[in-house]
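When reading the values below, keep in mind they use all heavy atoms of this one structure, side chains included, and skip hydrogens, waters and symmetry mates. Start at 1 and go down the list; that is how both ligands and their atoms are numbered. None of these values were measured; they are calculated from a predicted model.
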Amino acid sequence: MNKNFNFSTSFRNSQLVKGVVEEIKRITTKPWTIMEICGGQTHAIMQYGIDQILPKELELVHGPGCPVCVTPLDQIDRAHAIAAQTNVIFCTFGDMLRVPGSSTDLFSLKAHGAQIKVVYSPIDAVKIAQENPDKQIVFFAIGFETTIPANASSIIQAKAFGLRNFSILVSQVCVPPAMEAILSSPSNRVQAFLAAGHVCAVMGYWQYHPISQKYQVPIVVTGFEPLDLLQGILKAIRQLESGTHIVENAYQRAVSEKGNQAAQEIINRVFEPCDRNWRGIGTIPFSGMGLRSEFDEFNAEHRFNVEHIKTQESEICIAGQILQGLKKPYQCPAFGNVCVPTNPLGAPMVSSEGACSAYYRFSLNREEI
Ligand code: SF4
């Protein structure tokens, strides 16, 4: 790599960006629909207006890659039921505080006296458990393959320390089964995927080859800067225009075919594949990672007996259709009026990776909105 290359600016270099956009325009002859999986990529696309500089034939749709958005309502309600208990310190990432459940959110529970702590890592929650032996400490383990290794580490640490007051409420999901669910839906519109670079940094991209072949879709591992995203789109268009469908890696500086094998080992030591409910989408077989039976003592659902919870979804929120790329946030009647970040009706308006929040922050002045 050129020694003058600067990671913080070169991937946003306007001349380089223009060159790739020109090439995309030159080779695009038909309408194509491409889905970026990751909510971080959705925010970068909206922040830099990448969808605005592409040829009109190209449509970018936003996938179910926001971990907060896909956490199902029943698990949110379980979190609220546990957090409301007097002997519990409930630990969570900050994004979850305002996510609406059937009747409340963690922020309101905290205002009414529940002990809810924002942490940056599950390891922080283990430390809180060591410091508070008379309390039950519960960590809300949401997220994709990027966060699962740290969750696994927290369980291994808690077991090693012999902690009896630490548990996790698990809602972990994996990307490949969600891609298959989208592609096999009769209403699918997606013709190519930009796979999430950070997920592939952990898991590699070997799992994507069978999907690409079975559904005949190009899948391009893509990063998060403007130039990364445009390179991913360019590679996807080249394949679409030439009728090929393979997995390509446009994020080679961070991703290898096999990924981080130490991280994969720790995931598989603590968790195993299970069916998982995705908010707005439904149950996707083997799309989750649940605790192995030997770690069941750390399962908050069992410890607090909150398995049977009745939920009440918002009748207005169309998050499920947005997460499957069927609609855009501005097509929701509540967008920007009834539903705003300070009064969210659904998780995609709350999360820093949610599609509705991205459109609200970066595109309110656009013509189509
Ligand atoms: S704008 Fe609000 S109500 Fe509409 S889909 Fe997004 S989160 Fe749901």
Exercise for review: May I ask you to say whether Lys159 pairs ionically with Glu297, meaning some side-chain N is under 4.0 Å from a carboxylate O?
Suggested key: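 So Lys159 pairs with Glu297 through a salt bridge.
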Point to revise | Near atom 4 (Fe) of ligand 1 (cut-off under 2.8 Å), count of protein N, O or S atoms | key: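 Excluding waters, the total comes to 1.
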Check your understanding: If you link I, L, V, M, F, W and Y whenever their side-chain heavy atoms are under 4.5 Å apart, who else ends up in the same group as Val338?
Key ->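 Ile316, Leu345, all in the cluster of Val338.
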Can we call the ring centroids of [X] and [Y] under 6.0 Å apart?
X	Y	value
Phe90	Phe140	yes
Tyr251	Tyr205	no
Phe224	His198	yes
His62	Tyr359	yes

